[in-house]
Q: 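Pasting in a structure now, in C-alpha cells, and then I'll have a few things to ask.
Basis for what follows: all heavy atoms, side chains included, without hydrogens, waters or symmetry-related copies. Note that ligands are numbered from 1 as they come in the structure, with each ligand's atoms numbered from 1 the same way.
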Amino acid sequence: MDPRYDILFEPIQIGPVRAKNRFYQVPHCNGMGHRWPQAMAEMRAMKAEGGWGVVCTEECEIHPTSDLSGLALMRLWDDSDLAVHELMVEKVKQHGALAGIQLVHNGSEVANYLSRMPPIAPTAIPTGNQPSVQARELSKQDIREVRGWYREAALRARKAGYDIVYVYASHSEMTLPFQFLSKHFNQRTDEYGGSLENRARFLRELLEETKEAIGDTCAVALRITVDEMLGEGGYSANNEGREIVEMLADLPDLWDVNVSDWSNDSMSSRFGSEAGQEDYVRFVKDVVDAPVVGVGRFTSPDTMVSQIRRGVLDLIGAARPSIADPFLPRKIEEDRVDEIRECIGCNMCTTSDFLAYPMRCTQNPTTGEEWRKGWHPEKISPAGSQDRVLIVGSGPAGLECALALSNRGYHVVLSEARDVLGGRVVQESNLPALSEWRRVADHRTHLLSTKPNVETYLASRLTAGEILEFGFGRIVLATGARWRTDGVGRGNRLPIEVTGGAEIVAPEDVLSGRKLTGHVLIFDDDQYYLASALAQRLCEDGCTVTFVTPSSMVSPWSEYTLEQHKIQQTLMSMGAQIICNKTLTAVHGGTATLECGYLGTESTVEAGTVIPVTSRSPNDTLYHELHEMEERFADHGIKSVDRIGDCLAPGTIAMAVYAGHQHARQLDDPASHVSGFKRENYFQSPQQSSQA
Ligand code: ADP
Ligand code: SF4
C-alpha cells in the first residue's frame, strides 16, 4: 500500500469498541430491509469482506407507531425481529467489522399503514406521509413511554450483537428527536418546548438513557443534522446547529454529522461534488472530543486522507461509495486504487428506497444480487469454454459484458463504430453537470486496457456479413438504441403530425455537439433526466427554451433520485418556460400545438426547433440480419448471437450495465439463467406468528 494512505487504516476507539480502520459504512436504505432480510444481510456482509471497519444497518423502526410500511426498512419492534438482525450481525462480524444499528422513531413522518396507529409528534401536526392525516401530540407520560421504547430497542440491539447503537436525530423532519429540536415541528409550551435547552431535552434523555442501558459494552452514536441548508431560516453552524453540538458535546461516543434534507445529504453529482458537506460540518470537531464521522461521496483516497489530516473528520463515512464498490478499502490497502469502481452520484440506488425494491447501482451490477443470485463483486466463475467472444458496441452494456467475460478468462474482441468507447454514457456525460457519469465508461475502459485477453477496435462499424465471416463462437450485440423523432412515447402512441418544414432534431444531434439557436421546444415524454439536461445545455447556449411535459412536473422520476426539485428549480432559474400537463400533438413550421391533458383543449406555442425526448428504438437491424443467416452459423463456428442492453430493450444506464454483467455470468453457465434468483417467501406458521 502507498504509505500516504496508512492513516486510513489506523484503528479508532469508539466508546467501548474499536474499529479496525477509518472506513465507516454509514446507515443507508437498500429497499430490502425486513422484506428481503437474507439479501440485505449478504449485501452488508460484502462490505465487511471488502474492508469496511464499520458496517451499519439502515434506519430501523423501534415501534409500531413508527411504521414505514410500503417501504422496506429494518424493524426491531419486538423479539420476533431479532433473528434478522442476528443474521446480519453475524455475517458482518465474520469479516472483522463492527456492526452498527440506526434505531429510529420517525414521529410524524409515517403513515403507519400496517399498524394503523395514529402517528405521534411533539405537537399535533399533519404527517408528512399521508395527506389529511395528523399526528397526535405526545403528553409527558407518552414521552416517558417513548423513551422506554428506545431503551428496549437499544437492549434488543445489544442482544442481537451490535457494537454501535444510534440515536438518530438527522434528516430534518424524518426523525422524532429532530422534530423535538425544530421550532417548525415543536410548538410545545412545557419543558420539552420553547428554548433550545427544552427542545433538546428529549434527545438528551435518549442519549443518557441509551448510554445507561448499553453504554458499557456498546458505543452510542448520535446522527444529527448540523445544517438544514435553508439559510437563515434553518438550523445551521451559525445558530442552533452549533449550539446543539455544544450542548450535547460530551454525551455520544461518536458523532455522525450531516446536512439535511436527504436530497442535500445524498446530493447527486449533478448538484454537488465530493466532500460537499465539509463547509457545513467541519466545526463539529472543534467542539467535541469523541470521534466524528461524516459523508461526502468520498471515492478518492487522497481526499479521505486530506479530510483526516485537516481535522475535518476522524472516520470516512460512506453510503454510496460503499455501494458502488464494497471493496473500496481493500483496493486502497492492496495498492489497487485504479480498480476502485467510483460512485457516479446518479442516485439510482436511492430509488430502491422509494420504490421498495432490492437496491441497484449503476456502477455495481452485483449489489442487491449477492444473496439472490450469488453474485460477488470481485469473484466470477471461470470460462465455461474456449469460445472467443465478439462484442459489438461499447456502451455500458458492451463494456461491462467485455469486462466480466474477460475476468472469466474468455478471449474478447470489442468492436465500436465510433472513435471512442462508452456509447451513450460518454455522450450524455458531456451534458451540464453530468461529467461524473463518464466514470461508468472510464472504469471499464481502463481495466479492459490492462487485459491481455481483450482486443478493442475503434471506428469499426461491423456489418452482418463481416460478423459472419469472422466466425467467433459467441456474438453479443450491444448496439444500443436511438431516440425516435416522431414523438411516439408514453403519451402519444401514434406519431405526431409534422408539416410545413418544421425542424425536428433528435437528442443525439445535440449530444453530438450540434449547436442550436432561437426558440427550441423540448417535449419530454421520457420523464427522467435527459430532457432536463438537454434543456439546461440549450439555456446555457442562449436558446429560448420551452419545456413541455404531460407530467405535472419536470422530470417526475427524478423524485426518486432526490433531484426533481433541484432540476425544476434549475430550469426555472435559467429562464426556461415550463409547460406541464400538456402533450405535443403537432408541429407546423415554427409553431407547436399542445393539448391539455385534462380538458383536451388545444393551444399553440412558438417552436423554431423541436426536440422530442419520448422513446427509443433498439438498434437491432444487425441482430435481425444475422438471424436471417442462422442456418450458416454452424459453418462459421457460431454458437450464439445474442443482443443485450438498449439493443434488446432500451432502459437506464444501470439496466444496460446489469444486462452486460448478467450476460457474461450466464455464458456457458445455464444454471445462472436470467430468472434464476432466490426468493424470500416469509410465510409463518400460526405458531410462529408474533403479536406486535
Ligand atoms: P447500451 O446502453 O445498450 O450499452 P449504447 O447506445 O450506449 O448502448 O452503446 C451502443 C454502442 O454500439 C454505441 O457506441 C454505438 O456506436 C455502437 N454500435 C452500434 N452499431 C454498431 C456496429 N454495427 N458496429 C460497431 N459498433 C456499433
Ligand atoms: Fe453511486 Fe449511482 Fe451507484 Fe448510487 S447508484 S452508489 S449514486 S453509482
Side-chain angles (χ1 to χ4, degrees), residues 28-30 266-270 272 274 297 299 318-326 328 341-353 359-368 390-402 413-429 436-437 439-441 443-444 456-467 475-483 508 511-512 560-563 616-623 625-626 643-661 663:
H28 70 75
C29 313
N30 51 83
S266 291
M267 186 93 81
S268 73
S269 60
R270 195 167 166 182
E274 186 178 28
R297 213 162 45 75
T299 56
R320 291 171 293 174
S322 76
I323 297 166
D325 199 337
L328 186 150
R341 208 168 29 244
E342 292 179 294
C343 167
I344 68 166
C346 62
N347 282 2
M348 185 54 70
C349 48
T350 67
T351 68
S352 64
D353 181 48
M359 187 167 64
R360 54 217 54 195
C361 166
T362 302
Q363 276 285 56
N364 176 9
T366 66
T367 200
L390 171 67
I391 299 176
V392 185
S394 71
L399 282 178
E400 175 63 23
C401 191
V413 172
L414 180 61
S415 172
E416 166 55 51
R418 296 195 190 118
D419 53 10
V420 59
L421 298 178
R424 65 182 283 204
V425 81
V426 164
Q427 287 197 313
E428 291 178 15
S429 64
E436 283 195 39
W437 289 27
R439 290 174 170 180
V440 174
H443 170 72
R444 291 164 177 83
T456 304
Y457 295 94
L458 292 174
S460 167
R461 179 176 292 280
L462 297 183
T463 63
E466 287 167 335
I467 293 171
I475 293 158
V476 183
L477 303 176
T479 46
R482 66 199 173 280
W483 287 96
E508 286 95 343
L511 291 170
S512 305
Y560 306 131
T561 58
L562 306 170
E563 295 173 294
R616 288 182 291 158
S617 300
N619 294 327
D620 53 8
T621 312
L622 207 49
Y623 175 82
E625 286 173 354
L626 277 164
R643 53 186 165 161
I644 59 169
D646 293 336
C647 167
L648 175 65
T652 60
I653 296 168
M655 290 163 106
V657 171
Y658 184 83
H661 192 83
H663 191 80

Q: State, yes or no, whether a side-chain contact exists between Leu458 and Val420 at a heavy-atom distance under 4.5 Å.
A: no
Q: Do Glu416 and Thr456 come within less than 4.5 Å of each other through their side chains, counting heavy atoms only?
A: no
Q: With no hydrogens and no angle check, is any side-chain donor or acceptor of Arg341 less than 3.5 Å from a backbone partner on Ala324?
A: yes
Q: Let me have the donor-acceptor pairs involving side chains of residues 648-657, under 3.5 Å, with sequence neighbours excluded, atom names and distances please.
A:
| from | atom 1 | to | atom 2 | distance (Å) |
| --- | --- | --- | --- | --- |
| Thr652 | OG1 | Met655 | N | 3.1 |

Q: Could you grab the protein N, O or S atoms closer than 2.8 Å to atom 4 (Fe) of ligand 2 for me?
A: Cys349 SG
Q: Just one of Glu342, Glu436, Gln363 clears the side chain to side chain donor-acceptor pair (under 3.5 Å) bar with Thr299, so which one?
A: Glu342
Q: I'd like to check Pro396 versus Arg424 (side-chain heavy atoms, cut-off strictly below 4.5 Å). Are they in contact?
A: yes
Q: Go through the structure and list residues passing salt bridge (charged side-chain N to carboxylate O under 4.0 Å, His left out) with Arg616, not counting sequence neighbours.
A: Asp646
Q: Could you tell me if the side chain of Cys401 sits less than 4.5 Å from the side chain of Ile644, heavy atoms only?
A: yes
Q: Would you mind reporting whether Cys349 and His28 have side-chain heavy atoms less than 4.5 Å apart?
A: no
Q: Who's touching ligand 1 if we go heavy atoms under 4.0 Å?
A: Val392, Gly393, Ser394, Gly395, Pro396, Ala397, Ser415, Glu416, Ala417, Arg418, Gly423, Arg424, Ser460, Arg461, Leu462, Ala478, Thr479, Gly480, Ala481, Leu622, Gly645, Asp646, Ala656
